[in-house]
Amino acid sequence: MPGRQFFARDAVTVAAQMIGLEITFGGVGGLIVETEAYLPDDPASHSFKGPTRRNASMFGPPGTSYVYRSYGLHWCLNAVCLKGSAVLIRALEPTTGLDRMAARRGTSSAAVLCAGPGRLAAALGITGEEDGLSLLAPPFALRLSGAAPGLVIGPRIGITRAAEMPWRFGWQGSRFLSRPFGAAASVSKADEIG
DNA sequence: GGGGAGATTATCT
DNA sequence: GATAATCTCCCCG
């Protein structure tokens, strides 16, 4: 079971190694199939210009949650790594609590329950209330699934600054991704990152 | 103190 | 594909 040391590393390394982990919140969740890394000196990162009330959690201890509101209406869940860096969890393959997630999302299609950061947070019932909580303690739970997926690596989604950096990681071949990886994507293995 | 942009998504054409 | 929904913070004045 990943502990604080797992997150006390470079966010790019953690983002790669989080693919295949199982994360649950209140007994609901699934396998992480898509992540993105955000670094302290990264113009696309919320931490780039230093701490504010909104991003304060990004400067907390490794393993802290950072939940922010996106475009005024969606919530997005991150795992804090080294100070000022975090991994955005963008998509899950649902494994537990499918019925509760489907009820929250208003759809019964597993393929889109958690395919996207806003959808994922909605399915798990995560809001700003959970900002700053530890991911290493209940109601959160992390565990190694035993899966050893191939990794797809490509540019991050939905950003304008530093958009070319290949800091988006995916479970190769997963049908639960928020969006496909483009032709520019490359393939690797988790233990080759870092 | 105000205007604009942003790590998004559901819905309609 | 285009657009609306609408929060938080930055930056300029």
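Residue numbers start from 1 in every chain, and the chains themselves are labelled A, B, ... in the order their sequence lines are given, proteins ahead of strands. Quick caveat: nothing in here was measured; it's all calculated off a predicted structure.
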Participant: Mind calculating the distance between CZ (R161(A)) and P (dC10(C)) to the nearest angstrom?
Facilitator: 11 Å

Participant: Output the single nucleotide from dC10(C), dA7(B), dT6(C) whose closest atom is nearest the side chain of L73(A).
Facilitator: dT6(C)

Participant: Between R179(A) (CZ) and dT9(B) (C1'), how many Å, whole number?
Facilitator: 12 Å

Participant: Can you tell me if the side-chain N/O atoms of T160(A) get under 4.0 Å from OP1 or OP2 in dG6(B)?
Facilitator: yes

Participant: Can a donor-acceptor pair be found between the side chains of S65(A) and E130(A) at a distance below 3.5 Å?
Facilitator: no

Participant: So what does R156(A) hit on the nucleic acid, given a heavy-atom distance under 4.0 Å: a base, only sugar-phosphate, or nothing?
Facilitator: nothing

Participant: How many angstroms lie between atom CZ of R168(A) and atom CZ of R90(A), to the nearest 0.5 angstrom?
Facilitator: 6.0 Å

Participant: Expressed in angstrom and rounded to an integer, what is the separation of H74(A) atom NE2 from dA7(B) atom P?
Facilitator: 13 Å

Participant: Could you give the distance separating dA10(B) and dT8(C) at their C1' atoms, to the nearest angstrom?
Facilitator: 22 Å

Participant: Between Y38(A) (OH) and dA7(B) (C1'), how many Å, whole number?
Facilitator: 4 Å

Participant: Examine dA7(B): is either OP1 or OP2 under 4.0 Å from a nitrogen or oxygen in the side chain of R168(A)? Give yes or no.
Facilitator: no

Participant: Scan side-chain atoms only and decide if E93(A) and S174(A) contain a donor-acceptor pair under the 3.5 Å cut-off.
Facilitator: no

Participant: Hey, does the side-chain of Y71(A) have a donor or acceptor N/O within less than 3.5 Å of a partner on the base of dA7(B)?
Facilitator: no

Participant: Using a heavy-atom cut-off of under 4.0 Å over every strand shown, decide if N78(A) touches base, sugar-phosphate, or nothing.
Facilitator: base

Participant: Without decimals, in angstroms, what is the distance between I89(A) CD1 and dT8(B) P?
Facilitator: 15 Å

Participant: In whole Å, I'd like the distance from the CZ atom of R105(A) to the P atom of dT8(B).
Facilitator: 15 Å

Participant: Check the hydrophobic clustering (I, L, V, M, F, W, Y; side-chain heavy atoms under 4.5 Å; chains of links allowed) and say if I159(A) and Y68(A) are grouped together.
Facilitator: yes

Participant: Quickly work out the R69(A) CZ to dT9(B) C1' distance and round it to whole Å.
Facilitator: 14 Å

Participant: Of R54(A) and S178(A), whose nearest nucleotide on DNA chain B comes first from the 5' end?
Facilitator: R54(A)

Participant: Considering Watson-Crick and G-U wobble pairs with both distances under 3.5 Å, what does dG3(B) pair with?
Facilitator: dC10(C)

Participant: Figure out the CG/P separation between L177(A) and dT9(B), and round it to whole Å.
Facilitator: 13 Å

Participant: Select base, sugar-phosphate, or nothing to describe what I159(A) touches, counting heavy atoms under 4.0 Å on all strands.
Facilitator: sugar-phosphate

Participant: Between R90(A) and dT8(B), does any side-chain N or O lie under 4.0 Å from OP1 or OP2?
Facilitator: yes

Participant: Ignoring hydrogens and angles, state whether a donor on the side chain of S109(A) or T107(A) is under 3.5 Å from an acceptor on the partner side chain.
Facilitator: no

